[in-house]
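We count residues from 1, following the sequence as given.
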Amino acid sequence: MTKKRRKTILFALLILIFSVVYYFLQLNWISVTKETVHLDDLPEEFNGYKVVQLSDLHNKEFGDGNKRLVNKIHEIKPDTIVITGDMLTNTREVSNNGNVLITFLENLNNDYPIYYITGEHEEGLYYEDRNKYQKEGTKEVYEEKLSNMGVTVLNDEQITITRQNAEINLYGLREHLSGEIQIEERLGKTSENEVDILLSHRPFYFDEYVNWGADLVFSGDTHGGMVRLPFIGGIASTEGFFPRYDGGLFQKENSIMNVSRGLGNNPIPLRINNRPEINVITLKSK
């Protein structure tokens, strides 16, 4: 073997090793994305209120019991956690679906208020033609487990979050799988002179959220476009190729939407320039 050929083989091996390590890190190295959002009508008592958003875990585990994810959240010390769907993967390969999330929440030790909305994978547990993949458990059983742990599951519902004597409104839009979103028929009208925050799995209805009057929207679903290119963004999502809302903050009129790039992977384990993401949104008054 010539010296030149040995160098070529060595170089190829180094590239292969680097590629494998990079691929592994992109799937397992959690990033924390911090943003500040300024809102009209935000009460002074909520100034600096810190919200952690988790989305699209898809049964992914970052260490035993998701301890690395738990530790990251404890370091952030949020005031509340919002979860925007697809925390499990509805597939015939997984029985007793949702156990990964249940264990993760147990390890959080009820340290934070948690609000949860469904994505298409949770909703898939409800339908008979999809639920045939599950050996036991349905969406109702899954949500009952969450509720028993103190998690507030919002199925087309609204609650009020109180801090001292001030209030903000939180709405949860249940994943509807198909058809028109009909947001006002499901959630009613937004309030006047109060902050209205919406949790909804799919970001592609941003125009509808704006018209409805949401001040701030938390969404997910896109997985950051799986592969992210510099100056271009994500390549593919459920919206199709080069999704408009692939990740990050978007603003239209008086509404702001944060789209999480998510934590897990589906249908294939692929993330390039797109590490798993915890979102931290700090609320500030204008």
Side-chain angles (χ1 to χ4, degrees), residues 12 14-35 37 52-62 68-69 72 82-91 93-94 100 117-124 173 175-178 181 199-210 217-252 255-281:
L14 289 174
I15 292 178
L16 178 61
I17 293 170
F18 173 82
S19 299
V20 170
V21 171
Y22 179 78
Y23 174 76
F24 177 82
L25 289 175
Q26 288 293 294
L27 293 178
N28 296 283
W29 185 12
I30 302 171
S31 64
V32 178
T33 302
K34 298 180 180 180
E35 301 282 1
V37 171
V52 156
Q53 180 189 5
L54 307 174
S55 196
D56 298 271
L57 183 66
H58 285 289
N59 289 328
K60 171 73 175 175
E61 293 186 87
F62 298 92
R68 288 198 288 119
L69 183 58
K72 283 280 188 183
V82 297
I83 299 177
T84 49
D86 279 3
M87 300 301 279
L88 52 81
T89 298
N90 190 19
T91 172
E93 280 76 34
V94 179
V100 169
I117 59 157
T118 58
E120 67 268 22
H121 284 268
E122 289 93 350
E123 288 297 318
L173 195 64
E175 170 60 29
H176 63 295
L177 295 177
S178 63
I181 195 167
L199 309 181
S200 182
H201 182 61
R202 295 184 186 267
F204 318 124
Y205 295 103
F206 189 31
D207 288 344
E208 284 84 348
Y209 306 152
V210 172
V217 181
F218 289 94
S219 193
D221 190 46
T222 66
H223 300 186
M226 297 177 71
V227 176
R228 297 183 65 81
L229 301 178
F231 311 109
I232 295 177
I235 288 181
S237 76
T238 52
E239 184 185 13
F241 291 106
F242 302 104
R244 180 178 181 183
Y245 304 119
D246 57 346
L249 285 178
F250 301 88
Q251 181 163 6
K252 185 173 183 180
S255 299
I256 298 171
M257 179 172 68
N258 187 74
V259 180
S260 173
R261 300 198 310 271
L263 291 159
N265 313 280
N266 184 69
I268 58 174
L270 178 62
R271 284 180 176 268
I272 301 296
N273 196 28
N274 182 26
R275 288 160 52 197
E277 180 179 53
I278 297 173
N279 299 90
V280 184
I281 302 296

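- For the residue pair Tyr209 / Ser200, a side-chain donor-acceptor distance below 3.5 Å is found, with atom types taken as modelled.
- Between Val20 and Phe24, every side-chain heavy-atom pair lies at or beyond the 4.5 Å cut-off.
- Within a 6.0 Å sphere centred on CZ of Arg228, heavy atoms belonging to other residues, nucleotides or ligands number more than 12.
- Distance check: His223 NE2 to Glu277 CD gives 12.0 Å after rounding to the nearest 0.5 Å.
- Arg202 CZ to Glu175 CD: the interatomic distance, rounded to the nearest 0.5 Å, is 4.0 Å.
- Proximity of Ser237 to Phe204: side-chain heavy atoms (C-beta onward) are separated by under 4.5 Å at one or more points.
- The closest side-chain heavy-atom distance from Pro276 to Lys60 is not below 4.5 Å.
- Counting only N and O atoms by type, the side chains of Gln53 and Asn258 include a donor and acceptor under 3.5 Å apart.
- Considering only heavy atoms from C-beta on, Leu173 stays 4.5 Å or farther from Tyr205 through its side chain.
- Looking at every heavy atom in both residues, Arg261 comes nearest to Ser31 through NH2-OG, 3.6 Å.
- Ring geometry for Phe18 against Tyr22 counts as parallel: the plane angle stays under 30°, on a 0 to 90° scale with 60° as the upper cut.
- With values rounded to the nearest 0.5 angstrom, Ile30 atom CD1 is found 5.0 Å from Leu69 atom CG.
- Using modelled atom types and a 3.5 Å distance limit, the side chains of His201 and Asp86 yield a donor-acceptor pair.
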Would Phe206 and Tyr245 satisfy ring pair (Phe, Tyr, Trp, His ring centres under 6.0 Å), going step by step from the backbone distance to the final call? CA-CA 9 Å; Phe206 189 31; Tyr245 304 119; 5.7 Å; yes

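- Counting heavy atoms from C-beta outward, Asn273 and Leu229 have side chains that stay 4.5 Å or more apart.
- Thr84 and Ser55 form a side-chain donor-acceptor contact under 3.5 Å, judged by distance and modelled atom types alone.
- Put simply, the side chain of Phe218 does not reach to within 4.5 Å of the side chain of Asn279, judged on heavy atoms.
- Checked by atom type and distance alone, the side chain of Asp56 never pairs as donor or acceptor with a backbone atom of Gly262 at under 3.5 Å.
- Between Asp246 and Thr222, the shortest heavy-atom contact is O-OG1, 2.8 Å.
- With hydrogens and angles left out, the side-chain atoms of Thr89 and His58 include a donor and acceptor closer than 3.5 Å.
- Taken from CG in Asn265 to CD in Gln26, the straight-line distance is 10.5 Å, to the nearest 0.5 Å.
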